[in-house]
There are 2 protein chains.
Amino acid sequence: MPSLETKKAKPATPRERARAQTLVDIVRIGREHLAVHGAAALSLRAVARDLGVVSSAVYRYVQNRDELLTLLLIDGYNELGDQVDAAVAAAPEGDFAGQFRALGRAVRQWAIREPASYALLFGSPVPGYQAPGERTTAPGTRVIYRLVGIFEAAQRAGALNAEVSPGVVIPPDLAADLEAIRAGLGLSLPDEALARGVLAWTSIFGAISFEVFGQYGPDTFKARDELFEHQLAVLAGVAGL
Amino acid sequence: MPSLETKKAKPATPRERARAQTLVDIVRIGREHLAVHGAAALSLRAVARDLGVVSSAVYRYVQNRDELLTLLLIDGYNELGDQVDAAVAAAPEGDFAGQFRALGRAVRQWAIREPASYALLFGSPVPGYQAPGERTTAPGTRVIYRLVGIFEAAQRAGALNAEVSPGVVIPPDLAADLEAIRAGLGLSLPDEALARGVLAWTSIFGAISFEVFGQYGPDTFKARDELFEHQLAVLAGVAGL
DNA sequence: TTCTTGTCAAGAGCACTGCTCTCGAATGTT
DNA sequence: AACATTCGAGAGCAGTGCTCTTGACAAGAA
């Protein structure tokens, strides 16, 4: 769609410029409210108040509360994706385990810095809200794509340990799912490595969610950095790095 | 507190009986609403409507919305704890890996059956709601206590593999946390085993959360039972079982 | 330059929420 | 029978999402 691109690229008329500016203002204020009060308490009226405008005016820019939620969702996915990309790129090129740990650390640090956004992306779904897949899947898959990219590069470099948990077999139905993923992304990872990558993925988010969502309790773990580093190290071993 | 116990045990006066009955009715209706509309949309007015009573009447039984949330929280923790206890007890006595898998399956099945309750217990915290620790910690720690109990029994039986990830060391700060846990629960597990148990714990909930919260997407994994079984098997190996 | 067209903010209004207060009725106790 | 407690009903306040109408304003066309 070249027309849409150009429309986005050059907001020639001052009207469009003003409109775009108020929209980013709305998203910015929405992010602040999200951070302070949480996703379920996100109120268009409160955003309007902070914007210095009456409530009905924001409906000129945002169709409804759900669309603002979608904008914040995309915003969060992209910010997290940028953080992860930068962290992985800063790791040594051939050090795949280091890249894996850098990815995990980047996700955790972003989650701790933006707990409300993290909860919106990876926590319990907001009741009555269904994310529009056509707008959120692309930014929402950036981290996992990056992760399998690390595994794939390690595999091609011959740095992926294939014999980690020898006794575990993969049933055919699961193998079919993994084959579909492999075909969809053009990977050469064997089933075992792919499955362990999925486990590492979910485990990282499990550890972060426990910490961010307060499941550990107030004083069960004081050395949380060290705990997470330990979990990352073990998971890297599990994944074969 | 014997007086409180007797008060609970024999609701002699019919008034107290009726009061207790309406309270369990409120919790029951609250659970239904939780399952249908989610935690953030839990409305005392709607509960009152279903109870056939005006909204202000429920405030005679429940102090506010947060207390109803607390009651549902305790209810959920206990239901999950009962499921886990039953599943673990049904596993063969000396088969510690089997008990571990039974625990994981029980948690997952309950989570799939009661996704809203699972979200309330382990998902993003409800904004503005702080669980009262003195009432929720006891039921909230049943599952993790059960899990470390399995590890402890395996350790005493000499069935715990100590050399799983040899290269990973535990820094002193983390060791201090683990020592406090070990002392608090009267365990004899070494640091490595305890830390890997925590990892297994968070990883199980990470896998279940991804599935229940819809992070996998609609059709990435069709063989979800097999995927979870695979993850359980790998995690049992990681934990040393 | 005037006129038309489209965009915008404002405000009223509907239905909903949590929560508090008062009042009268029902209930159990003495 | 008299008293005290408990309970439900209803009104009311402040907040929410969202819709609709109204009037002001600015951009482009004649």
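Source: prediction; values computed, not measured. Reminder, nothing fancy here: chain letters follow the sequence lines and each chain counts from 1.
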Notebook entry, point to check: With a 3.5 Å cut-off and just heavy-atom distances, do the side chain of A:S56 and the base of C:dG11 make a donor-acceptor pair?
Noted result: yes
Next item on the list: Quickly work out the B:Y59 OH to C:dC21 C1' distance and round it to whole Å.
Entry: 13 Å
Notebook entry, point to check: What is the distance, rounded to the nearest whole Å, between atom CG of B:L42 and atom C1' of C:dG18?
Noted result: 12 Å
Note to self: Let me spell it out: for each of A:S55 and B:R45, pick the nucleotide of DNA chain D with the closest heavy atom. Which residue's pick is nearer the 5' end?
What the structure shows: B:R45
Notebook entry, point to check: Rounded to the Å, how far apart are B:L23 CG and D:dT6 C1'?
Noted result: 15 Å
Next item on the list: Whole angstrom is fine here: how far is it from OH in B:Y129 over to C1' in C:dT17?
Entry: 19 Å
Note to self: For a quick check of understanding: with a heavy-atom distance under 4.0 Å over all strands, which category does B:V53 fall into, base, sugar-phosphate or nothing?
What the structure shows: sugar-phosphate
Margin query: Less than 4.0 angstrom between a side-chain N/O of B:R17 and OP1 or OP2 of C:dT27, yes or no?
Written below: no
Notebook entry, point to check: What nucleic acid atoms does B:L68 come within less than 4.0 Å of, heavy atoms only: base, sugar-phosphate, or nothing?
Noted result: nothing
Note to self: Can you tell whether the side chains of A:D173 and B:K222 come within less than 4.0 Å, N to carboxylate O?
What the structure shows: no
Note to self: Using whole Å, what does the distance between atom P of nucleotide C:dA15 and atom CG of A:N64 come to?
What the structure shows: 20 Å
Next item on the list: Measure the distance from CG on A:D66 to C1' on D:dT16 and round it to the nearest whole Å.
Entry: 14 Å
Checklist line | B:R49 side chain, from C-beta outward: closest of C:dA10, D:dG8, C:dC16 | finding: C:dC16
Margin query: Checking B:R224 against B:Y216 for the side-chain contact (heavy atoms from CB on, under 4.5 Å) test, could you report, in this order, the C-alpha distance in whole Å, the side-chain angles of both residues, the deciding distance, and whether it holds?
Written below: CA-CA 10 Å; B:R224 301 197 166 179; B:Y216 282 145; 4.0 Å; yes
Margin query: Counting the atoms with a prime plus P, OP1 and OP2 as sugar-phosphate, which does B:L51 contact under 4.0 Å by heavy atoms, base, sugar-phosphate, or nothing?
Written below: nothing
Margin query: Looking at A:R19 and A:E16, is there a salt bridge between them, counting it only when a charged N and a carboxylate O are closer than 4.0 Å?
Written below: no
Check: Is there a side-chain polar atom (N or O) of A:Y61 under 4.0 Å from OP1 or OP2 of C:dA9?
Finding: yes
Item checked: side-chain hydrogen bond (donor to acceptor under 3.5 Å, both in side chains) partner of A:Q83, chosen from A:Q109, A:E114, A:R113 -> A:R113
Checklist line | B:R19 side-chain N/O to D:dC7 phosphate OP1/OP2 under 4.0 Å | finding: yes
Item checked: Length of the CZ-P vector between A:R60 and D:dT19, whole Å -> 12 Å
Check: Of the nucleotides C:dC19, C:dT22, D:dT16, which one has an atom closest to the side chain of B:L44?
Finding: C:dC19
Check: Heavy atoms under 4.0 Å, any strand shown: does A:R65 hit a base, just sugar-phosphate, or nothing?
Finding: sugar-phosphate
Item checked: Any B:S43 side-chain nitrogen or oxygen under 4.0 Å from OP1 or OP2 of C:dG18 -> yes
Item checked: Atom-to-atom span, CD of B:Q63 to P of C:dC21 - whole angstrom -> 13 Å
Margin query: Has B:R65 got a side-chain atom pairing as donor or acceptor with B:L42's backbone, closer than 3.5 angstrom?
Written below: yes
